[in-house]
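Encoded as structure tokens, the structure appears first; notes follow it.
Below, all heavy atoms of this structure are taken into account, side chains as well, without hydrogens, waters or symmetry copies. Computed from a prediction, not measured in an experiment: that's the story for all the values here. A, B, ... follow the sequence lines: proteins, then strands. Residue 1 opens every chain.
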Protein chains: 2
Amino acid sequence: MPETNAAPELNGLYFQLFNEIGIINQLSRAAFEARLPDGMVLPQFAVINHLIRVEDGRTPLQLARAFQVPKTSMTHTLAGLEKRGLVEMRANPDDARSKQVWLTEAGRKFRDDAIASLAPDVGAFSDTLGREELTEVIALLERLRKRMDAARD
Amino acid sequence: MPETNAAPELNGLYFQLFNEIGIINQLSRAAFEARLPDGMVLPQFAVINHLIRVEDGRTPLQLARAFQVPKTSMTHTLAGLEKRGLVEMRANPDDARSKQVWLTEAGRKFRDDAIASLAPDVGAFSDTLGREELTEVIALLERLRKRMDAARD
DNA sequence: TCCTTTTGGTTCGATATCGCACCATTTAGT
DNA sequence: ACTAAATGGTGCGATATCGAACCAAAAGGA
């Protein structure tokens with residue numbers, strides 16, 4: 001007899017976790033967008049941040065995968081960033097189908113300014129989790145994210 | 001000289017955490033919606049689940065607050081659920097402006113079926129975090145959520 | 001009681017998100 | 001080389017999301 005579910009309550013905990021994650025996502029999104037200029041939206045900021053943290057010159061598809069959004073969504077996000085002059089789309093020398101996303105000077109400055117203007121907000125609750133707890137949570141979530149990603153086939 | 005930021009790297013960790021949370025949210029959303037019938041969307045399921053976990057008879061505004069979404073979004077979500085016959089909107093006997101959201105039998109059944117059909121997916125990675133790790137993460141995130149919520153004034 | 005403010009909810013318009021279909025290139029198979 | 005399949009990206013239409021403005025009921029003063 002196949003053991004399909006040895007610990008059903010575990011599922012409930014995962015549901016709870018996803019629920020909590022959804023709410024925090026909501027809260028952080030709202031907080032961010034309240035600070036960002038007019039129509040600037042969280043995904044746009046996230047992309048800029050990613051390009052700085054990792055490296056610019058990524059392709060749109062790489063970005064879509066990194067954030068686990070459909071590529072059409074990324075196209076839209078990048079179009080917004082380009083219209084604001086925060087990124088620059090160039091042809092990919094290695095593949096004529098593909099493009100590369102590069103930060104402009106304005107893009108880098110924008111990110112620095114945004115971080116600075118966001119700092120006070122983060123400061124309002126940054127004492128909630130200690131450094132160890134934070135890194136612990138991040139590590140666990142990262143582990144979960146990679147497993148979920150892998151399970152996605 | 002005022003100490004505005006005693007530990008700047010902490011902010012970076014929070015950014016990282018929010019980033020990770022955003023991606024997992026994305027992944028769970030996509031996974032859920034792949035299983036749910038046609039146009040059914042994650043927030044709708046989340047509301048049903050909440051009504052069962054907590055108690056139905058909540059008002060739309062209570063739900064909006066619970067999920068930290070604007071009330072207009074909740075109106076829309078509830079309209080979708082009502083159109084599918086999964087919830088029922090009744091007048092609030094205590095307040096003529098307000099309404100109450102009640103689950104229908106179809107709504108309860110729907111939730112049970114959805115959970116069942118989702119179980120295999122969760123099973124694909126449910127061994128990633130142990131029960132202790134899970135409850136630990138949930139507890140920490142819950143703590144953070146409440147603090148962020150409070151900081152929202 | 002009358003008037004002001006607050007609160008619960010919806011309507012409306014603007015934008016974001018995403019699936020589907022499509023095109024151009026690249027890769028793989030023969 | 002030639003064709004078939006896979007890959008990177010976009011256009012389009014349908015829906016989701018959300019802020020602003022609005023309405024009706026309730027709460028709070030005077």
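Atom CG of B:L63 is separated from atom P of C:dG8 by 13 Å (rounded to the nearest Å). To the nearest angstrom, C1' of D:dG8 lies 13 Å from CG of A:L78. Between A:E33 atom CD and D:dT17 atom P the separation is 13 Å, expressed in whole Å. If you measure from atom CG of B:L42 to atom P of C:dG19, you get 13 Å, rounded to the nearest angstrom.
Heavy atoms of A:N92 sit nowhere under 4.0 angstrom from any nucleic acid atom. Within 4.0 Å (heavy atoms only), B:T75 reaches at least one base atom of the nucleic acid. Counting non-hydrogen atoms under 4.0 angstrom, A:Q26 reaches the backbone sugars and phosphates but no base.
Nearer the 5' end of DNA chain D, as judged by each residue's closest nucleotide, is the contact made by A:T72, out of B:D94 and A:T72.
Between A:F45 and B:F15, the ring-plane angle classifies as tilted under the 30° and 60° cut-offs.
Residues B:W102 and B:L51 form no side-chain contact, since every pair of their non-hydrogen atoms from C-beta on lies 4.5 Å or further apart.
In this structure, of C:dT17, D:dG8, D:dA26, it is C:dT17 that holds the atom nearest to the side chain of A:T77.
For A:R108 and A:D56, the salt-bridge test passes: some basic side-chain N is under 4.0 Å from an acidic carboxylate O. Salt bridge status for B:R35 with B:E33: absent, with no side-chain N to carboxylate O gap under 4.0 Å.
A donor and an acceptor atom sit less than 3.5 Å apart, one in the side chain of B:K71 and one in the base of C:dG9.
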